[in-house]
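Right, one structure below, let's go through it.
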Amino acid sequence: MKFNLIKTDGNARACLLETNRGLIHTPVFMAVGTVGTVKAMSPDELKEIGAEIILCNTYHLYLRPGHEIISSLGGIHKFMNWDRPILTDSGGFQVFSLSALRKIEEDGVHFKSHLDGSMHFIGPKEAMEIQSLLGSDIAMVLDDCTPYPSTYEYAMNSLYRTIKWAAQCKALQGKEQALFGIVQGSLYEDLREKSIEELVDIGFDGFAAGGLSVGEPKKEMHRMIHFTASLLPTDKPRYLMGIGELGDVLNAVEAGFDMFDCVMPTRNARNGTLFTSRGKISIKREEFKSDRGPLDPDCECYTCRNYSRGYLRHIFLSKEILSMRLNTIHNLYFYFNFFRNMRKSIIEGIFTEFKTKWEAIL
Ligand SMILES: [Zn+2]
């Protein structure tokens with residue numbers, strides 16, 4: 001993967017990542033395809049609205065159908081018919097957030113499947129082996145996700161485990177796959193700094209910040225986002241994991257982050273919460289019953305070009321499958337368009353205006 005820094009505006013960056021499966025213009029939003037599908041969307045629809053890279057969850061694919069089956073069916077791209085870049089997480093985060101029972105040891109983590117209660121083990125070797133068989137373009141190191149709040153001592157021990165695992169993952173990196181390191185350290189600046197120093201020493205194709213948006217106050221999260229970004233190498237992509245609320249994205253782009261993922265646009269779409277250029281709306285509200293206008297008059301997506309709010313409300317309340325599809329098309333289009341315009345504002349040197357304008361709307 002080749003990294004090009006195109007333009008900076010303050011600390012905000014517009015970059016271009018060149019991969020064997022296509023270009024990625026940053027800041028970029030990665031739609032989440034948890035089990036190998038971005039819910040309710042076909043790959044062609046995703047491409048049409050401008051998706052350049054998607055994220056798949058290793059934990060889910062490992063448990064079902066299993067990485068070996070996916071490999072035998074030609075790898076994750078062929079399996080799901082998506083020929084653009086895919087980033088896989090290491091599975092660590094889901095082990096920590098979904099499995100009922102987990103036991104962290106020095107060499108990895110034992111956990112119980114949330115599907116059938118079976119016991120499993122993932123260490124650095126397993127995380128790399130699974131991601132290698134899936135065949136993603138960007139793999140993530142296995143990290144120990146430090147919960148919030150954590151004592152300094154706990155955060156430090158967890159960080160050292162993450163660093164050790166990162167080095168083990170790096171040693172197993174294949175030629176065809178980029179590998180990102182993950183910065184931990186909870187809300188302790190010296191630990192974050194230490195984490196970055198060690199990861200830079202090991203050497204990665206990109207750097208991600210983990211352990212944020214895990215329950216800490218927003219102000220603390222933003223402080224740590226700025227602090228972390230200020231120490232990361234400038235010649236590698238920077239990925240802020242799991243954060244996709246647009247107000248937070250604006251802050252993180254201002255700090256210098258390039259890549260984002262979040263289930264928010266897709267999950268909200270299925271729940272009838274839609275993003276518009278005038279703020280969020282809930283499509284089920286009575287006021288939209290006989291509204292003939294589009295969801296968002298400023299949006300050019302398929303949904304907004306063809307359907308009224310009255311219709312979208314009706315099919316949402318009727319629990320029609322098409323409702324999830326049309327809402328998802330709109331919300332993802334809105335996100336991709338937001339990111340495209342944000343990138344444009346950086347290139348034109350007016351990111352601050354862009355940020356101020358959107359902060360008044362969001
Ligand atoms: Zn739309």
Side-chain angles (χ1 to χ4, degrees), residues 1 3-17 19 23-32 51-55 85 87 89 93 138 140-141 143 145 178-187 189 192-193 195-196 199-200 204-214 216 218-265 335-336 338-347 349-352 354-356 358-359 362:
M1 191 173 68
F3 173 87
N4 308 279
L5 182 60
I6 305 295
K7 183 88 172 36
T8 56
D9 181 7
N11 292 322
R13 305 150 30 114
C15 311
L16 182 68
L17 311 181
T19 79
L23 300 175
I24 303 165
H25 298 79
T26 78
V28 67
F29 180 74
M30 301 184 280
V32 179
E52 294 185 321
I53 173 171
I54 60 169
L55 177 147
L87 180 147
D89 59 13
F93 183 76
I138 303 174
M140 302 298 298
V141 300
D143 61 330
C145 307
L179 180 64
F180 282 19
I182 303 177
V183 179
Q184 288 286 348
S186 191
L187 297 182
E189 290 189 353
R192 289 261 164 196
E193 197 171 348
S195 175
I196 293 168
L199 293 174
V200 169
F204 288 98
D205 303 302
F207 295 88
L212 293 169
S213 196
V214 289
E216 74 281 15
K218 280 249 166 174
K219 212 176 139 203
E220 288 296 289
M221 177 173 95
H222 290 165
R223 176 176 70 85
M224 206 42 72
I225 285 172
H226 280 264
F227 179 77
T228 304
S230 73
L231 300 175
L232 287 172
T234 53
D235 61 346
K236 295 281 161 69
R238 303 157 168 184
Y239 165 28
L240 184 56
M241 299 175 79
I243 292 181
E245 207 175 290
L246 294 176
D248 298 331
V249 167
L250 285 167
N251 261 283
V253 166
E254 181 184 47
F257 275 98
D258 311 308
M259 302 170 70
F260 300 86
D261 78 281
C262 190
V263 293
M264 191 174 285
Y335 256 66
F336 293 141
F338 180 92
F339 274 73
R340 277 191 291 264
N341 288 331
M342 182 159 60
R343 175 181 165 87
K344 194 163 162 258
S345 80
I346 295 168
I347 290 172
I350 52 166
F351 172 72
T352 307
F354 179 89
K355 180 169 180 272
T356 308
W358 277 101
E359 278 175 340
L362 295 168

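Side chains included, hydrogens not; waters and symmetry mates left out as well; all remaining heavy atoms used. Being a predicted model, the structure only gives us computed values, none of them experimental.
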Completion exercise
Rounding to 0.5 Å, atoms CE (M221) and CG (L212) come to a distance of 7.0 Å
Exercise for the section: Find the distance between CE (M259) and CG (L17) and round it off to the nearest 0.5 Å. Expected result: 6.0 Å
Practice task
Check for a donor-acceptor pair, side chain of R343 on one end and backbone N or O of P27 on the other, with a separation under 3.5 Å.
Solution key: no
Handout entry: Carboxylate-amine/guanidinium contact R13 E254, below 4.0 Å
Key = no
Practice task
Fit a plane to each ring of W358 and F338, take the angle between them on a 0 to 90° scale, and name the class: parallel (under 30°), tilted (30 to 60°) or perpendicular (over 60°).
Solution key: perpendicular
Practice task
With sequence neighbours left out, write down each residue that passes side-chain hydrogen bond (donor to acceptor under 3.5 Å, both in side chains) with E216, or none if nothing qualifies.
Solution key: none
Exercise for the section: Check whether any side-chain N or O of S345 sits under 3.5 Å from a backbone N or O of F354 as a donor-acceptor pair, and report yes or no. Expected result: no
Exercise for the section: May I ask you to check whether over 12 heavy atoms, not counting those of K7, lie within 6.0 Å of atom NZ? Expected result: yes
Practice task
Please check if the distance between the ring centroids of F260 and Y335 is under 6.0 Å.
Solution key: no
Practice task
Using modelled atom types only, decide if a donor and an acceptor are shared between the side chain of R238 and the backbone of G256 within a distance under 3.5 Å.
Solution key: yes
Problem - Test side chain to side chain contact (heavy atoms under 4.5 Å, CB included) applied to F339 and T26, step by step - result: CA-CA 8 Å; F339 274 73; T26 78; over 6 Å; no
Practice task
Look only at the side chain of D9 and the backbone of F351, and say whether a donor-acceptor pair between them is shorter than 3.5 Å.
Solution key: yes
Problem - Full working for side chain to side chain contact (heavy atoms under 4.5 Å, CB included) between I196 and F207 - result: CA-CA 9 Å; I196 293 168; F207 295 88; over 6 Å; no
Problem - Non-hydrogen atoms of P85 and T19 that approach each other most closely - result: CG-OG1, 3.3 Å
Practice task
Please indicate whether F336 has more than 12 foreign heavy atoms, meaning atoms of other residues, nucleotides or ligands, lying under 6.0 Å from its CZ.
Solution key: yes
Problem - Shortest non-hydrogen contact from R192 toward S186 - result: NE-O, 2.9 Å
Handout entry: The single option from I6, L5, N11 passing side-chain contact (heavy atoms from CB on, under 4.5 Å) against T8
Key = L5
Practice task
Could you note down all residue pairs passing side chain to side chain donor-acceptor pair (under 3.5 Å) where residues 220-229 supplies at least one of them, sequence neighbours left out?
Solution key: E189-R223, E220-R223, H222-D248
Handout entry: CA sep, side-chain torsions, deciding dist, call: M1, L179, side chain to side chain contact (heavy atoms under 4.5 Å, CB included)
Key = CA-CA 10 Å; M1 191 173 68; L179 180 64; over 6 Å; no
Handout entry: Separation of D258 CG from I24 CD1 (nearest 0.5 Å)
Key = 11.0 Å
Problem - D261 side chain to M30 backbone, donor-acceptor under 3.5 Å - result: no
Practice task
Let me see the working for R340 and E52 under salt bridge (charged side-chain N to carboxylate O under 4.0 Å, His left out), right down to the final yes or no.
Solution key: CA-CA 11 Å; R340 277 191 291 264; E52 294 185 321; over 6 Å; no
Completion exercise
When every non-hydrogen atom of C262 is compared with those of G242, the smallest separation belongs to SG-O, 4.3 Å
Exercise for the section: Test side chain to side chain contact (heavy atoms under 4.5 Å, CB included) on L199 and V183 and set out the steps. Expected result: CA-CA 8 Å; L199 293 174; V183 179; 3.8 Å; yes
Exercise for the section: Kindly say whether F3 contributes a backbone atom to a donor-acceptor pair with the side chain of D235 at under 3.5 angstrom? Expected result: no
Practice task
Taking the side chain as every heavy atom from C-beta outward, state whether V249 and M342 have any pair of such atoms under 4.5 Å apart.
Solution key: yes
Practice task
Check whether any side-chain heavy atom of F257 sits under 4.5 Å from a side-chain heavy atom of I225, and report yes or no.
Solution key: yes
Exercise for the section: Nearest 0.5 Å please: distance from the CG atom of L250 over to the OG1 atom of T356. Expected result: 9.0 Å
Problem - Spacing of L87 atom CG and Y239 atom OH [to the nearest 0.5 Å] - result: 5.0 Å
Practice task
List in chain and number order the residues that pass side-chain hydrogen bond (donor to acceptor under 3.5 Å, both in side chains) with D205, two or more places apart in sequence or in another chain; answer none if no residue qualifies.
Solution key: Q173
Exercise for the section: Look up atom CZ in F93 and atom CE in M140, then write down how far apart they are to the nearest 0.5 Å. Expected result: 12.5 Å
Practice task
Would you mind reporting whether N251 and E359 have side-chain heavy atoms less than 4.5 Å apart?
Solution key: yes
